[in-house]
There are 2 protein chains.
Amino acid sequence: MEPEKVRAPNIRDVARLAGVSYQTVSRVLNNSESIKPSTKERVLEVIEQVGYRPNQAARALVTSRSRTIGVLTSQTAHYGPTTSLHAIEDAAREAGYLVSTTSLATSGYESITDRLEHLISQAVEGLVVIAPQVKVFDAIRELDIRLPLVTLDSTRRDDQRSLSVDQIAGARLATRHLIELGHREIVHLAGPQDWIEAEARMRGFLDEINDADLGTHPPILGDWTADFGYHVGNELVHSRNFTAVFAANDQMALGLMHAFRDAGLDVPGDVSVVGFDDIPEAAHYWPPLTTVRQDFTEIGRRSVALLLAELRGEADRNHDQILPELIIRESTAPPRR
Amino acid sequence: MEPEKVRAPNIRDVARLAGVSYQTVSRVLNNSESIKPSTKERVLEVIEQVGYRPNQAARALVTSRSRTIGVLTSQTAHYGPTTSLHAIEDAAREAGYLVSTTSLATSGYESITDRLEHLISQAVEGLVVIAPQVKVFDAIRELDIRLPLVTLDSTRRDDQRSLSVDQIAGARLATRHLIELGHREIVHLAGPQDWIEAEARMRGFLDEINDADLGTHPPILGDWTADFGYHVGNELVHSRNFTAVFAANDQMALGLMHAFRDAGLDVPGDVSVVGFDDIPEAAHYWPPLTTVRQDFTEIGRRSVALLLAELRGEADRNHDQILPELIIRESTAPPRR
DNA sequence: ACGAGAAATGTGACCGTACACATGATCGTC
DNA sequence: GACGATCATGTGTACGGTCACATTTCTCGT
């Protein structure tokens with residue numbers, strides 16, 4: 001006849017056992033100033049003893065603060081976004097926030113709004129978007145979201161709410177490196193065009209090409225995968241009207257090098273290849289990949305700082321873009337005459 | 001003199017505007033059966049019009065169901081865990097659940113209990129642990145967590161709550177492949193020993209070696225990174241008392257091959273290398289890597305299914321382990337005589 | 001036309017917390 | 001030793017839903 005489900009202790013249970021009012025317990029929980037140390041101690045003892053845990057739902061209900069930030073990611077397991085996500089979680093944890101992640105399903109537009117709705121209905125206090133795809137921003141705009149929001153997006157420098165490594169500068173760095181080596185026929189293997197980063201890298205590439213008064217073939221639009229790079233590489237070897245390729249990420253660069261090797265071409269002897277991201281494996285590819293390093297961890301960390309500042313109403317504006325860095329390894333060399 | 005902060009509409013606002021009681025609105029929200037279609041429609045119209053969103057905190061408070069599952073991950077951005085995580089999110093979404101992720105900080109034990117506390121205080125309904133480290137399970141045991149919990153852990157087959165690709169079988173597959181090629185001196189580069197998977201792979205390796213009546217050197221304990229594999233490779237080339245290496249993941253295998261190449265050794269001519277995981281890049285390494293494929297997505301999906309079944313009190317026990325598969329590429333060959 | 005039973009809808013209480021405010025205890029001061 | 005100021009603690013209420021139960025409205029057979 002015992003009660004099947006014992007109710008978890010609540011604030012009043014604690015109060016009763018400690019011989020104080022529930023409000024006093026609440027004060028202890030929220031580190032209120034005016035609490036006699038002895039009673040505080042007594043209350044904490046009881047809390048420990050009965051294993052009391054404040055109910056966040058109740059707390060969220062009354063304060064309308066969930067202490068949760070929402071993160072919207074793309075469904076793909078890329079190194080960059082993943083690394084940033086971890087940094088975000090770390091930073092959020094340190095600030096006492098929890099992170100609710102939600103990834104975009106493969107499908108289209110409704111999926112995004114659906115995800116955003118879901119996140120909002122959980123009363124997240126702010127949003128970090130690390131799936132910088134154009135359609136995501138369309139969805140955000142359409143939903144008229146009033147939440148503080150930070151996006152990892154390099155194209156809107158004026159916007160207070162975005163933060164990123166300067167992708168354009170990075171792409172220029174990579175391209176300039178090739179040009180300085182003497183390459184004149186450079187192909188760009190870009191990322192999916194609805195990715196804002198992909199577009200920025202492509203723009204940086206084209207800008208640099210223009211500034212050097214060079215022509216180029218229209219960039220090839222890829223999907224970030226090594227497989228795709230491999231396929232593109234297999235196509236490219238037929239024409240051979242280029243001496244270097246700038247790939248929009250390291251994985252595609254890897255696939256390219258694979259295809260070139262299959263075709264009997266030497267990298268960098270016959271073709272130079274540059275990647276982007278500097279994932280930890282890039283140094284161990286064959287040949288070790290020249291690439292553009294960006295600090296995904298720093299990005300993640302800062303995005304949370306920015307978001308929290310906005311939540312507090314501060315204007316932390318630590319907005320200087322983070323600069324990418326060119327890492328020269330062995331996949332690039334002057335073109336063979 | 002207008003109100004600064006307009007309160008979000010609540011269920012009673014909707015009820016008033018629709019000319020019904022709040023309970024009727026509640027019924028509409030929960031798809032109750034006995035609701036006249038016409039009133040349902042009217043209510044939905046009002047909801048749409050005023051942009052009403054049910055407050056999950058309030059709902060969670062009264063039902064003590066948060067519709068959230070918590071995921072505990074390691075802080076490292078490895079391909080496998082990340083892929084599983086995405087699958088978990090997908091599956092959770094489909095079931096109407098949200099996922100709260102929390103990653104383990106680098107630090108030690110308190111960090112884990114702290115994270116678990118945090119997750120629990122958010123009233124997650126269940127837990128998925130994809131950071132299968134021994135200390136995590138210690139923490140879980142110590143905290144005496146009563147939540148439904150699923151772990152991606154291969155060592156406790158009897159336990160109802162774990163689910164995994166059979167790591168031991170995978171390691172045996174890889175090892176047997178080398179043995180069948182004629183290798184007798186095989187080195188194992190293992191993962192960190194507090195990782196349950198690493199330990200399982202090592203056990204599989206040793207079991208297979210024993211069954212073949214071979215001796216082996218004590219496995220080298222690594223940290224999963226390509227950098228580490230590279231360092232180990234640089235050491236190994238001094239002794240040369242082996243003809244093959246089985247690395248506990250693909251990244252370390254990559255580093256190894258890099259070091260071997262640096263030393264002028266041919267893979268697979270002089271040394272065969274096998275990896276584990278079959279990450280998407282493995283096929284494009286040089287040489288393309290022979291490895292053991294495991295379906296991280298399937299694992300993630302199933303873990304959610306298992307968890308939800310447990311939440312519903314069903315006994316879905318779909319427990320057959322998922323079998324890994326050996327993918328033979330070009331990094332393995334018979335030993336040179 | 002009437003009443004029974006089902007269908008549709010309404011009412012009161014409660015979930016666990018924080019906030020505003022009220023009250024009681026303590027203390028230095030003249 | 002009475003007094004206001006300050007510190008410590010207690011009381012009422014609201015947050016936005018759901019649940020159990022009460023009530024009204026509809027449907028249909030006799």
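Labels below follow one simple rule: chain letters A, B, ... track the order of the sequence lines, proteins then strands, and each chain is numbered from 1. The structure presented is a predicted model; accordingly, all values stated were derived computationally and were not measured.
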Separation of dA18(C) atom C1' from Q56(A) atom CD, nearest Å, is 13 Å
Could you grab the distance from atom CZ of F296(B) to atom NE2 of H78(B), nearest 0.5 Å is fine? 10.5 Å
Is the shortest side-chain N/O distance from T63(B) to OP1 or OP2 of dC19(D) below 4.0 Å? no
Residues D13(B) and R16(B) bridged, charged N to O under 4.0 Å: yes
When P148(A) is tested against each of L306(A), L308(A), L307(A), V124(A) for side-chain contact (heavy atoms from CB on, under 4.5 Å), which residue passes? L307(A)
To the nearest 0.5 Å, how far apart are CZ in R59(A) and OG in S66(A)? 12.0 Å
Just how far, in rounded Å, is P of dT17(C) from CG of L29(A)? 8 Å
Nucleic acid contacts of residues 47-54 of chain A, taken as heavy-atom distances under 4.0 Å to DNA chain C: Y52(A), R53(A), P54(A)
Determine whether any donor atom in the side chain of R12(A) lies under 3.5 Å from an acceptor atom in the base of dG16(C), or the reverse, and answer yes or no. no
Under the criterion side-chain hydrogen bond (donor to acceptor under 3.5 Å, both in side chains), which of T73(A), T101(A), T102(A) is the partner of T101(B)? T101(A)
Without decimals, in angstroms, what is the distance between R59(B) CZ and dT17(C) C1'? 20 Å
Can you sort out which residues in residues 17-27 of chain B have a heavy atom within less than 4.0 Å of DNA chain C? Ascending by number, please. V20(B), S21(B), Y22(B), Q23(B), T24(B), R27(B)
D138(A)/K135(A) ion pair, N-O < 4.0 Å: no
Just verifying a value: how many Å separate I120(B) CD1 and L147(B) CG, rounded to the nearest 0.5 Å? 6.0 Å
Rounded to whole Å, the CG-P distance (L61(B) to dA18(C)) equals 12 Å
Between atom CD1 in I11(A) and atom P in dA14(D), what is the gap in whole Å? 19 Å
Side-chain N or O of N55(B) less than 4.0 angstrom from OP1 or OP2 on dC15(D)? no
Quick one: on DNA chain C, does K40(B) or A58(B) contact a more 5' nucleotide (nearest heavy atom)? K40(B)
Phosphate OP1/OP2 of dG17(D): any N10(B) side-chain N/O under 4.0 Å: no
To the nearest Å, how far apart are E41(B) CD and dT9(C) P? 13 Å
Assign S64(A) to base, sugar-phosphate, or nothing according to its heavy-atom contacts below 4.0 angstrom with the strands shown. nothing
Whole angstrom value for the distance that separates P of dC19(C) from CG of N31(A): 13 Å
First locate atom OG of S303(A), then atom CG of L127(A), and finally report the distance between them rounded to the nearest 0.5 Å. 11.5 Å
List the steps and the verdict of side-chain contact (heavy atoms from CB on, under 4.5 Å) for Y97(A) and V304(A). CA-CA 10 Å; Y97(A) 277 76; V304(A) 173; over 6 Å; no
With the side chain of V62(B) defined as its heavy atoms from C-beta on, choose the nearest nucleotide among dT9(D), dG16(D), dA18(C). dG16(D)
Could you list the donor-acceptor pairs under 3.5 angstrom formed by side chains in residues 38-52 of chain A, with sequence neighbours left out?
from, atom 1, to, atom 2, distance (Å)
T39(A), OG1, K36(A), O, 2.7
R42(A), NH1, A18(A), O, 2.5

Whole angstrom value for the distance that separates P of dT9(D) from CG of N30(A): 15 Å
